[in-house]
Amino acid sequence: MIDFELPSFIQNQNQLIKMVAEQAMRPFSRDLDENEHTRPDAFVDMTWPFTKEMMKRDLKRIQTAIDANGVSKNGSAPKKEKKVNMGALSLILMIEQLSWGDTGQYLCLPHPMLAGAAVSSSGTPEQQIKFLSRFTEGDPKWGAMAITEPGAGSDNSSMRTTAVLDPDTNEWILNGEKIFITSGGMALEESDGICIVWATIDPDAGRAGIKSFVVEAHNPGVTVAKPEHKLGIRASDTVSLHFNNARVPYENLLGNPEIKQKSRKGFKGAMKTFDSSRPAVAASAMGTARAALEFTLETLEKEGVVIDYRKSKFEMTAVEADLMEMEARYKGAWLLTLRATAQIAHNESNRLEASMCKFRAGEAVTWITQKAVELLGPLGYSRDMLVEKWMRDAKINDIYEGTKQINQLIVARSILGYTRRELK
Amino acid sequence: MIDFRLDEEQKMLTDAIARYSREMVRPVHRDAEENRAIPSAVVEAGWEMGVLPSGIPEEYGGFGEYSAVTGAVATEAFAWGDLAVTMSLMTPNLVAVPLMLSGTEAQKKRYLPAFCEERMPDMTAAITEPRIQFSPYTLQTTAVFKNGLYYLNGEKTMVPLADLAQTILVYASEGSKTEAFLVPADTVGLTIGERDKLMGVQALPTFKVSLNDCVIPAANKLGGGDGIDFDKIMSHSRVALGAAAVGMARAGFEYARDYAKERVQFDEPIAHRQSIAFMLAEMATDVDEARLMVWEAAWKLDRGEDAVRETAVLKRHIDEMVVRNADRALQILGGYGYIREYPVELWLRNARGFATFDGLAII
């Protein structure tokens, strides 16, 4: 039944996160932006206990399932229960609220993040316990995901990083270079975190040969290099990783090591991760959009500019018309995001809708924040306020987790029923 | 709990309306436009589906299952078939819904049962005025109260099915507030003028109506002494127009998509090109986005919440979305989009009307 009401526990959770955003994020936004690559300590310290509690609960559920079924034989995760997946809903709405606080800091959330999503969707229950338990104890830790390479962006099937099995030691030997890895430095150098690395075990097998590996922190042969200097989200560390004969244990491969010519399961694993990560990015975008929209409306109201929604277009000023369009684009993209998220919650397939909301949200936040800077005039353009920073932060949403164009391509193929051969 | 799936009854209803639109409306909609008349069998079959009576409370003869969300879902399915047919079928809504929202008990008792009959009742509403700066919140038609009677004066246009109407709900400014009056068609001073010649929706007969010192009993003022909740009436209207726009935009998207997959140039379907495929991706996304905005506003109305802001934003958004969508569909069809053998040029002409149709549909 059509219903837009969020469960009350999420509304309560968001109240709490709003406090975190107001107290531990916003006051530090400007300094963290001016001093690139500084870790947001207040935010990290405040959120790490939440992550630990959340992960404890998740892992306990997995452990109970293992104990009940015995050790799973075929290595596949237990069948998802058909009840409502509140976890995904709660996580994505948390991301919206945290990004309302500050996207750069949100990306530094001490949490398995995308690595957690990959381990959960492609790993066995035993692998989930093994690699995620570290997020229930000790000092803050981070998770990261390494897919992009200098020559393989959206076309990630052409990646060159290789994993070769050493039969003597039963270890995978990784070689190659990965770039644009969010929190890669914090995950692998500054904490005992993990990074999921995508590599091919057979370059001739194409997509079928692509597998994902868990690389743990301080692994010999892995070098963290080149923290990028970016337009926005400057609190977030974005690094390159070099793999030089880096050896990882055999059991760090997620999913099935076999290459089935017709099967693209490993690659599909990456694509499946996108079904939940794209609504998450869209939600993050909409958090920034909401911040900019609310701030613009509040600031203009103090100046005596208040929208009267009953005015006809002849009575409306150009600024009021702009504000209404900002509201419309915000609302449209946010509802698309909520829909893709609700589909995850209800265990429905959402490949099309995830890409729809991602490209529309990236576009909306980019335009809304640019408009906010414009409408606030010299104050909007000044670094005394956060609006110009939000505009710089916003643009990343048009780029990462698939550019606007690659997501449009996915939408187009889906609505046309085309393969990648038919629509390039 | 958040969910965007239709319930079983909504699914059955949309399936039935979709079949009606596909099998009865589409085959005749071009001729209806060219002949400026909808075959009466089409209107009768549409009315028999009983969408409006199902929402009227039981004590007035209906089924008491009113829901703006369900109304939006139904309107989209009708408008996918044809906008003129949709607006024709929904003409009785223009009186029934304001009655349900703002009528006094006596007014509901007197008028609502007629909407639950087998035959579509001859009632319509007059809101639009023939001037560029028309706005439903600042009407030039006036209602003046004198010696226990109302005197109505003004000019209206685009009054659907006015030639047959026995009662016309006339919107007028009483002081600075918009009010509505139930005016019998035989009232002295009320003249049904010539039929409008419009750019689109030509199958729907609409008329100019002038009111020259029409004298109306105070009991015919909708809502009695307190008058109407015009914000709410406008919100319900904008949700209906939004839903109709979504239905039409979806029709355009689907038609262009199917055409692009069949039309071969340079040895492959034109849909294989990103320039075409990306337009279709934008169109599909626009349709879904607008539908969600319509549903959200409708859902708020069903919960009794105020939705003036949402529906104002929605209305401005769909006015442009629906034109952009029809324009893209036409562009994808190229020359075929421009000729009247195909439906797309009609959708573009109909689409531009939404900016003017404020108040001309309601659920």
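Chain identifiers are assigned alphabetically (A, B, ...) following the order of the sequence lines, protein sequences preceding nucleic acid strands; residue numbering begins at 1 within each chain. From a predicted model like this one, the values you see are computed outputs, not experimental measurements.
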Is there a side-chain contact between [X] and [Y], using heavy atoms and a 4.5 Å cut-off?
| X | Y | result |
| --- | --- | --- |
| A:Gln343 | B:Phe4 | no |
| A:Phe4 | B:Lys300 | no |
| B:Met1 | A:Met1 | no |
| A:Leu416 | B:His272 | no |

For the interface with chain B, which of [options] has the highest count of heavy-atom pairs at distances below 4.5 Å?
| options | value |
| --- | --- |
| A:Glu315, A:Gln408, A:Gln405 | A:Gln408 |
| A:Ser414, A:Ala345, A:Ala321 | A:Ala321 |
| A:Val411, A:Leu335, A:Ile2 | A:Ile2 |

Does a sphere of radius 6.0 Å around [atom1] in [X] hold more than 12 heavy atoms from other residues, nucleotides or ligands, not counting ones at 6.0 Å or beyond?
| X | atom1 | value |
| --- | --- | --- |
| B:Glu9 | CD | no |
| B:Arg131 | CZ | yes |
| A:Lys313 | NZ | no |
| B:Gln331 | CD | no |
| B:Phe266 | CZ | no |
| A:Phe9 | CZ | yes |

Worksheet item: Would you say A:His346's side chain and B:Ile2's backbone share a donor-acceptor pair under 3.5 angstrom?
Response: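 Confirmed, A:His346 side chain pairs with B:Ile2 backbone.
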With respect to chain A, which residue among [options] yields the maximal number of heavy-atom pairs within a distance under 4.5 Å?
| options | answer |
| --- | --- |
| B:Thr138, B:Val69, B:Asp258, B:Asp231 | B:Asp231 |
| B:Asp302, B:Asp358, B:Leu292 | B:Leu292 |
| B:Phe253, B:Tyr137, B:Phe278, B:Trp299 | B:Trp299 |

Under 4.5 Å heavy-atom distance to chain A, tell me which part of [X] shows up: side chain, backbone, both or neither.
| X | value |
| --- | --- |
| B:Pro269 | side chain |
| B:Ala290 | neither |
| B:Leu314 | neither |

I need the minimum non-hydrogen distance between [X] and [Y], along with the two atoms involved.
| X | Y | result |
| --- | --- | --- |
| B:Asp288 | A:Leu336 | CB-CD2, 4.0 Å |
| B:Val313 | A:Glu327 | CG2-OE1, 3.6 Å |
| B:Met293 | A:Ala328 | CE-O, 3.8 Å |
| A:Leu423 | B:Arg273 | CD1-C, 4.1 Å |
| A:Ala412 | B:Ala277 | CB-O, 3.6 Å |

Heavy-atom distance under 4.5 Å to chain B: side chain of [X], backbone, both or neither?
| X | result |
| --- | --- |
| A:Glu325 | neither |
| A:Leu409 | both |
| A:Leu89 | side chain |
| A:Met326 | neither |

Discussion item. Salt bridge or not between B:Glu296 and A:Lys331? Use side-chain N to carboxylate O under 4.0 Å.
Written reply: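 Answer for the salt bridge query: yes.
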Discussion item. Check this for me, if you would: do A:Arg360 and B:Glu282 make a salt bridge, where the nitrogen-to-carboxylate-oxygen distance has to be below 4.0 angstrom?
Written reply: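 Yes, A:Arg360 and B:Glu282 are salt-bridged.
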How many angstroms lie between [atom1] in [X] and [atom2] in [Y], if you round to the nearest 0.5 Å?
| X | Y | atom1 | atom2 | result |
| --- | --- | --- | --- | --- |
| B:Thr285 | A:Glu353 | OG1 | CD | 10.0 Å |
| A:Asp3 | B:Trp295 | CG | CH2 | 12.5 Å |
| B:Arg5 | A:Glu348 | CZ | CD | 4.5 Å |
| A:Arg310 | B:Ser135 | CZ | OG | 11.5 Å |

Worksheet entry | CA sep, side-chain torsions, deciding dist, call: B:Arg303, A:Glu5, side chain to side chain contact (heavy atoms under 4.5 Å, CB included) | CA-CA 11 Å; B:Arg303 285 159 52 109; A:Glu5 177 123 60; 2.9 Å; yes
Item to complete: Among B:Arg309, B:Arg316, B:Lys315, B:Glu310, find the one that has a side-chain hydrogen bond (donor to acceptor under 3.5 Å, both in side chains) with A:Tyr309.
Response: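 It is B:Arg309; the other options fail the test.
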Item to complete: Given side chain to side chain contact (heavy atoms under 4.5 Å, CB included), test A:Lys424 with B:Gln274 step by step and report yes or no.
Response: CA-CA 8 Å; A:Lys424 293 198 176 75; B:Gln274 285 191 352; 5.6 Å; no
